[in-house]
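The structure displayed is predicted, hence computed values, not measured ones.
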Amino acid sequence: MASARSLHINIVLDTICPWCYVGKRRIERAISMARSKWSDFEASIDYMPYQLDSAMGIGLSKEEVYRKKFGDRITAMHERLLDVGKEEGIAFKFGGNMSNTLDSHRLIDYARLEGSETEEKVVSSILKRYFELEQDIGQMDVLLDAAADGGLDRDRTRKYLESDDGVDSVKQKIKNSQRLGITGVPFYIINDRYGISGAETPETFIQVFEKIFAKSEK
């Protein structure tokens with residue numbers, strides 16, 4: 001029998017969005033807090049693709065892209081992310097290159113086929129490699145390393161990524177999110193009914209969980 005306090009959370013994210021990394025850590029803390037608060041609490045997570053810039057090329061300088069997009073504000077933005085990152089155990093770095101995120105989303109979808117644990121490990125590896133190790137997650141070798149971190153076979157994963165498999169599926173999922181009115185990430189869809197926008201604090205997530213459970217008990 002399913003728990004009365006059971007949540008399925010779809011996390012809509014882009015793999016080059018720093019607040020998506022922060023939000024991932026915060027929802028994980030919220031889930032941990034919820035398990036301590038409610039003995040019958042259960043939660044499952046899936047990751048849904050989104051692209052902040054679907055026209056982005058490959059191997060672009062992060063610094064140049066950031067400067068072009070944010071101008072002089074980028075210094076303050078980086079400083080804030082460094083501070084927030086420390087709170088969440090993320091050592092943000094801002095060097096290296098960035099690329100179109102389509103293939104990273106295809107990899108996440110591919111990992112999901114092997115189960116939520118594999119998906120989780122691959123997502124964590126992709127985000128860490130991009131935001132903390134300054135690796136370009138548009139490069140095949142980096143994606144294969146992330147796949148291996150999740151326990152996926154490198155050769156099979158390479159064949160998948162070198163094909164067109166999953167391209168249409170990812171693009172359709174992005175369109176579906178846009179049809180729901182999602183214009184920024186991270187965005188959380190809970191039990192296919194409730195939406196939360198932004199990297200909210202764990203305490204805010206707990207408050208939302210409480211409201212959801214209260215409604216379900218009526």
### Task
For A199 and P186, work out which heavy atoms get closest and say how close.
N-CG, 3.7 Å

### Query
Any chain of hydrophobic side-chain contacts (each under 4.5 Å) joining V123 to L52?
no

### Message
Any heavy-atom pair between the side chains of D149 and K121 that's under 4.5 Å?
### Response
no

### Task
Group every Ile, Leu, Val, Met, Phe, Trp and Tyr by side-chain heavy-atom contacts under 4.5 Å, then state whether I196 and I9 land in the same group.
yes

### Task
Any chance you could lay out the side-chain contact (heavy atoms from CB on, under 4.5 Å) test for L7 and Y194, step after step, and finish with the verdict?
CA-CA 11 Å; L7 300 178; Y194 306 96; over 6 Å; no

### Message
Is the distance from the ring center of Y188 to that of F205 below 6.0 Å?
### Response
yes

### Query
Could you go step by step and tell me if V167 and H105 meet the side-chain contact (heavy atoms from CB on, under 4.5 Å) rule?
CA-CA 9 Å; V167 172; H105 289 303; over 6 Å; no

### Message
Closer than 3.5 angstrom, by distance alone: can the side chain of D53 be matched with the main-chain N or O of N100 as a donor-acceptor pair?
### Response
no

### Query
Taking C-beta and beyond as the side chain, do V84 and R25 meet within less than 4.5 Å on heavy atoms?
no

### Query
Between R5 and F209, is NZ or CZ placed under 6.0 angstrom from the six-membered ring centre and within 45° of the ring axis?
no

### Check: R193 side chain, I212 main-chain N or O, donor-acceptor pair, under 3.5 Å
no

### Message
Less than 3.5 Å apart, any donor N or O on the side chain of Y47 or E120 sitting next to an acceptor on the other?
### Response
yes

### Summary
Value for OG (S116) from CD1 (I45), rounded to nearest 0.5 Å, stands at 9.0 Å

### Message
Once rounded to the nearest 0.5 Å, what's the spacing between atom CD of E117 and atom CD of E114?
### Response
11.5 Å

#### Entry: Side-chain heavy-atom pair Y66, M77 within 4.5 angstrom cut-off
no

#### Entry: Step-by-step side-chain contact (heavy atoms from CB on, under 4.5 Å) determination, K159 to R156
CA-CA 5 Å; K159 290 179 181 178; R156 291 178 183 173; 5.8 Å; no

### Query
Less than 4.5 Å apart, any side-chain heavy atom of I27 and any of E200?
no

### Task
Return the set of residues passing ring-ring contact (aromatic ring centres under 6.0 Å, His included) with Y21 (not counting sequence neighbours), or none when no residue passes.
F131

### Value rounded to 0.5 Å, distance of CZ in R129 from CD1 in I137
11.0 Å

#### Entry: With sequence neighbours excluded, residues passing side-chain hydrogen bond (donor to acceptor under 3.5 Å, both in side chains) with S104
T15

### Task
Check whether more than 12 heavy atoms from other residues, nucleotides or ligands sit under 6.0 Å from atom CD of E64, and answer yes or no.
no

### Pair R112-D109, salt bridge (charged side-chain N to carboxylate O under 4.0 Å, His left out): steps then yes or no
CA-CA 5 Å; R112 186 182 301 116; D109 266 12; 2.7 Å; yes

#### Entry: Smallest separation among heavy atoms of S177 and V12, with atom names
OG-CG1, 3.9 Å

### Task
Can you see which heavy atom on I126 is nearest to which on A146, and at what distance?
CG1-CB, 3.8 Å

### Message
For a 4.5 angstrom cut-off between non-hydrogen side-chain atoms, does R154 reach D145?
### Response
yes

Identify each donor-acceptor pair in which a side-chain atom of residues 28-35 lies under 3.5 Å from a protein atom, sequence neighbours left out, and give them as a table.
residue	atom	partner	partner atom	Å
E28	OE2	K24	NZ	2.5
R29	NE	E88	OE1	3.2
R29	NH2	E88	OE1	3.3
R29	NH2	E88	OE2	2.8

#### Entry: Closest contact, heavy atoms only, P49 versus K173
CG-CB, 3.7 Å

### Query
How long is the gap from CG on L144 to CG on D153, to the nearest 0.5 Å?
10.0 Å

### Query
Does the separation of the ring centres of F213 and W38 fall below 6.0 angstrom?
yes

### Task
Drop me the distance from K211's NZ to I190's CD1, to the nearest 0.5 angstrom.
11.5 Å

### Query
What pair of heavy atoms forms the shortest contact from D136 to G59, and how long is it?
OD2-CA, 3.5 Å

#### Entry: CG (D164) with more than 12 external heavy atoms under 6.0 Å
no

### Query
Where is the tightest heavy-atom contact between I16 and P18, given as atom of each residue plus distance?
O-CD, 3.4 Å

### Message
Do L102 and V122 sit in one hydrophobic cluster, given that two such residues count as connected whenever their side-chain heavy atoms are within less than 4.5 Å of each other, even indirectly?
### Response
no

### Query
Tell me, do V65 and K62 make a side-chain contact under 4.5 Å, heavy atoms counted?
no

### Message
For Y130 and M98: C-alpha separation, side-chain torsions, deciding distance, then whether side-chain contact (heavy atoms from CB on, under 4.5 Å) applies.
### Response
CA-CA 8 Å; Y130 180 73; M98 64 196 306; 3.4 Å; yes

### Task
Identify whether M140 and L60 are in the same connected component of the hydrophobic contact network (ILVMFWY, side-chain heavy atoms under 4.5 Å).
yes

### Query
Linking I/L/V/M/F/W/Y whenever any side-chain heavy atoms sit under 4.5 Å apart, do W19 and F94 land together?
yes

### Query
Does a side-chain heavy-atom distance below 4.5 Å link L180 with I189?
yes

### Query
Under 4.5 Å between any side-chain heavy atoms of R67 and S61, yes or no?
no

### Query
In Å, rounded to the nearest 0.5 Å, how long is the span from CG of L152 to OG1 of T157?
4.5 Å

### Message
So that I can tick it off, tell me whether D103 and R106 are bridged by a salt bridge, with the cut-off set at under 4.0 angstrom between side-chain N and carboxylate O.
### Response
yes

### Task
Look at the side chain of Y50 and the backbone N and O of F187, then say whether any donor-acceptor pair between them is shorter than 3.5 Å.
no

